[in-house]
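Letters A, B, ... are given to chains in the order of the sequence lines, protein chains preceding strands, and every chain is numbered from 1. In what follows, every heavy atom counts, from backbone to side chain, and hydrogens, waters and symmetry copies are set aside.
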Amino acid sequence: MPELPEVESVRMGLDRWVAGRTVEAVDMLHPRSIRRHLSGSGDFAGRLAGCKITATARRGKYMWLTLDSGEALLAHLGMSGQLLVQPPECADEKHLRVRMRFDDGGSELRFVDQRTFGHLMVEPLVPDATGVEVPGAIRHIALDPLDPAFDGDVFAGVLRRRRTEIKRALLDQSLISGIGNIYADEALWRSRLHWARATGGLQRRRVADLLEHVRGVLGEALAEGGTSFDGLYVNVNGESGYFERGLKAYGRVGLPCERCQTPIRRDAFMNRSSFSCPKCQPRPRGARVSPASR
DNA sequence: CGGGCCTCCTGAATGC
DNA sequence: TGCATTCAGGAGGCCC
């Protein structure tokens, strides 16, 4: 499941292959992949044709290719999206949704997406609240914790004013971006915080500690090329990452906590799962007891 | 408008 | 064996 480290791994790989190349044509193979590009397939392909890709960028789980037209091709991988660099003679993937061909006749850029939660769109670049140019559609996405401009003190203040649970806040891309279910559980395990802890009751130093662990786990995962469970996350060359070996909580239900040997528990959370150590991450007083699933 | 639930989707895994 | 159900989850939409 692509979160910040996986998206950044893809972006870095893409940069090398597409920066400086000129788009010749785009083949649209599934309308759902551009459902957020409201003016449709023809407009999407037309805005890309003839454009030169000048650079790549990322914020949170979104990445984009800047174009010499002043617009950007924005991509979100969703659950199963892949951006692959493939030679033209390579057979179409089963779930190939969009193909971009270049005027040099070299490798194509292919958007492959089994579950179609990912999407692409062409958007004008506009200044965000701090003056940085981002695709218009993601103006509401917060800075991610690896962005040098991310301000931990501001984040702590925002958190403490919120009336919600800490894991919900970590997953809220308008507060802090790039974190999904896996790295939220890992950062909370490292911080010894239960997912249901109220954000309003967290001391500033606990928020600072949590943020340090968020940055730590994202950075370590990035260094390993990301996390792959099922082969659905791969970099532009189709290679999986290795960070699943570094996971301490996510997916480890029943296995011993590496700090205290207590079996990791699994709670139902937001129609999905949350993994934590019952001893290191005690349930806060007054938190509802979620039915353990499976 | 803040908070939180619902929905979209496919295929692997599980259940009976 | 085979059909049906469950599960995974990002984020926009929508309801209260």
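Of the possible polar contacts, one joining the A:Glu123 side chain to the A:Ala137 backbone as a donor-acceptor pair under 3.5 Å is found. The closest donor-acceptor contact from the side chain of A:Thr262 to the backbone of A:Lys279 lies at 3.5 Å or more, if one exists at all.
Considering only residues two or more places apart in sequence or on other chains, A:His37 meets the ring-ring contact (aromatic ring centres under 6.0 Å, His included) condition with A:Phe44. With sequence neighbours excluded, no residue satisfies salt bridge (Lys or Arg N to Asp or Glu O under 4.0 Å) with A:Asp153. Residues forming a salt bridge (Lys or Arg N to Asp or Glu O under 4.0 Å) with A:Asp92 (at least two apart in sequence, or on another chain): A:Arg99. Annotation: salt bridge (Lys or Arg N to Asp or Glu O under 4.0 Å) contacts of A:Glu133 (sequence neighbours excluded): none. The salt bridge (Lys or Arg N to Asp or Glu O under 4.0 Å) check on A:Asp144 picks up A:Arg58, with sequence neighbours excluded. With sequence neighbours excluded, no residue forms a ring-ring contact (aromatic ring centres under 6.0 Å, His included) with A:Phe102. Partners of A:Ser33 by side chain to side chain donor-acceptor pair (under 3.5 Å), not counting sequence neighbours: none found. Scanning for ring-ring contact (aromatic ring centres under 6.0 Å, His included) contacts around A:Phe275 gives A:Tyr250, with sequence neighbours left out.
Of the residues in residues 197-204 of chain A, none lies under 4.0 Å from DNA chain C by heavy-atom distance.
For the OP1/OP2 pair of B:dC5 and a distance below 4.0 Å, the side-chain nitrogens and oxygens of A:Arg168 include at least one atom meeting the criterion. OP1 or OP2 of C:dG12 has at least one side-chain nitrogen or oxygen of A:His140 nearer than 4.0 Å.
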* To do: Classify every nucleotide of nucleotides 7-12 of chain B by which part a protein heavy atom approaches to under 4.0 Å, writing B for the base, S for the sugar-phosphate alone and - for neither, in 5'-to-3' order.
  => BBBBS-
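End-to-end axis angle for the helix from B:dG2-C:dC16 to B:dC16-C:dG2, using five pairs per end and rounding to 10°, comes out at 60°.
For the atom pair CG of A:Leu96 and CD of A:Gln86, the computed distance is 9.5 Å after rounding to the nearest 0.5 Å.
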Identify each atom pair where a protein N or O and an N or O of nucleotides 13-16 of chain C are less than 3.5 Å apart, giving names and distance.
none

